[in-house]
Amino acid sequence: INPEDFKDSCLNQSTDEADVETKLSRLCEKDKVLRMQEEKLQQLHREKHTLETAVLSASQELGEQSSSNTAATQSLVQQRDVLQSGLLSTCRELSRVTTELERSCREFEQLEADVTLARTNLLEQLEALGSPQTEPPSQQHIQIQKELWRIQDVMEALSKNKPQQRTESGEYVKPITS
C-alpha cells in the first residue's frame, strides 16, 4: 500500500467525520429552534384567543350601555380600542412567527436530507470495504460503523421528540383549540 493513499484515506475519513458531526449538530440546533418557535406560536394563539374574547366582551358591553353614561362609555371605547390594537399586533406577530417556523421546517428537512445522504455515503463506503477479512475489523470499518451508529442515535432521538404539530412534510399544523 502506498503511504500517500493511506494518508489520503485518513484525511478523507476525518473530513467525512467532521462533516457528519457538523450536520448532526446543525440538525439538533435547528430542532431546538423549531421547538422554541412552536412554543411561541402556541403562546400567540392563546393570546389571540384571549384578546378576541376580551374585544367581543367589550363590544357587547358597549352595545348594552345606555347613552346617558358617556364617561363610562368613553372609557369602554378606549379599552376596546387598546384591546383591538393588541389583537392586531398579536396577529402580525403570529403571521411573522408562522413564516419563520415554515422556513425553519424547510431548513430542518434539508439538513435531515443531508444527514440521510451522509448515512448513505457511509453505507456505500462500508460496502466498498467489504466484509472484514481479518479479526478484528479494520480501523476504517470501526470508524464508519461508529459514524453510522451516531447518525442512527441522533435521528432516533429527534424522531421520538418530534412535536406532533409538525407533519411528515415539515408543515406546521395548528393545534385544535376550543
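All values derive from a computational prediction rather than experimental measurement.
Using a 4.5 Å cut-off on side-chain heavy atoms (C-beta onward), Val33 and Glu100 make no contact. The closest side-chain heavy-atom distance from Arg106 to Glu102 is below 4.5 Å.
A continuous path of Ile, Leu, Val, Met, Phe, Trp and Tyr side chains, each step under 4.5 Å between heavy atoms, connects Leu123 with Val154, placing both in one hydrophobic cluster. Note: the hydrophobic cluster containing Leu34 also contains Leu158 (ILVMFWY, side chain heavy atoms under 4.5 Å, direct or indirect links). Residues Phe108 and Val97 fall within the same hydrophobic cluster, defined by Ile, Leu, Val, Met, Phe, Trp and Tyr side chains chained together at heavy-atom separations under 4.5 Å. Clustering ILVMFWY residues whenever any of their side-chain heavy atoms sit less than 4.5 angstrom apart, transitively, puts Leu129 in the very cluster that holds Leu148. The hydrophobic cluster containing Val115 also contains Ile144, counting ILVMFWY residues as joined when their side-chain heavy atoms lie under 4.5 angstrom apart, directly or transitively.
With Ser57 contributing its side chain and Thr53 its backbone, the two residues share no donor-acceptor pair below 3.5 Å. Formation of a donor-acceptor pair under 3.5 Å by the Ser75 side chain with backbone atoms of Ala71 is not found in this model.
Interatomic distance, Lys40 NZ to Leu101 CG, rounded to the nearest 0.5 Å: 13.0 Å. Ser104 OG to Met36 CE: the interatomic distance, rounded to the nearest 0.5 Å, is 9.5 Å. Distance OG1/Thr70 to CG/Leu76: 12.5 Å, rounded to 0.5 Å. Distance check, rounded to the nearest 0.5 Å: CD1 of Ile142 to CD of Glu147 gives 13.0 Å. If you take CZ on Arg46 and CG on Leu41, they are separated by 10.0 Å, rounding to the nearest 0.5 Å. For the atom pair CD (Gln42) and CD (Glu39), the distance works out to 7.5 Å, reported to the nearest 0.5 Å.
With Lys30 as the partner, the side chain to side chain donor-acceptor pair (under 3.5 Å) test is satisfied by one option alone out of Gln110, Glu109, Glu107: Glu107.
The shortest non-hydrogen separation linking Ser159 to Glu156 is OG-O, 3.0 Å. When all heavy atoms of Leu27 and Leu111 are compared, the closest pair comes out as CD1-CB, 3.6 Å.
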Atom pairs and distances, donor-acceptor, side-chain atoms in residues 80-93, under 3.5 Å, two or more places apart:
from  : atom 1 : to    : atom 2 : distance (Å)
Thr90 : OG1    : Glu47 : OE2    : 2.9
Thr90 : OG1    : Gly86 : O      : 2.9
Glu93 : OE1    : Arg96 : NE     : 3.0
Glu93 : OE1    : Arg96 : NH2    : 3.4
Glu93 : OE2    : Arg96 : NH2    : 2.5

Carefully, step by step, assess Leu24 and Val20 under the rule side chain to side chain contact (heavy atoms under 4.5 Å, CB included). CA-CA 6 Å; Leu24 289 174; Val20 167; 3.8 Å; yes
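Looking at Asn121 and Gln125, their side chains never bring a donor and an acceptor atom within 3.5 Å of each other.
Among pairs with a residue in residues 115-131, none fulfils salt bridge (charged side-chain N to carboxylate O under 4.0 Å, His left out), at least two apart in sequence or across chains.
Ion pair Glu52/Lys48 flagged as a salt bridge, since at least one NZ, NE, NH1 or NH2 atom sits closer than 4.0 Å to an Asp/Glu carboxylate oxygen.
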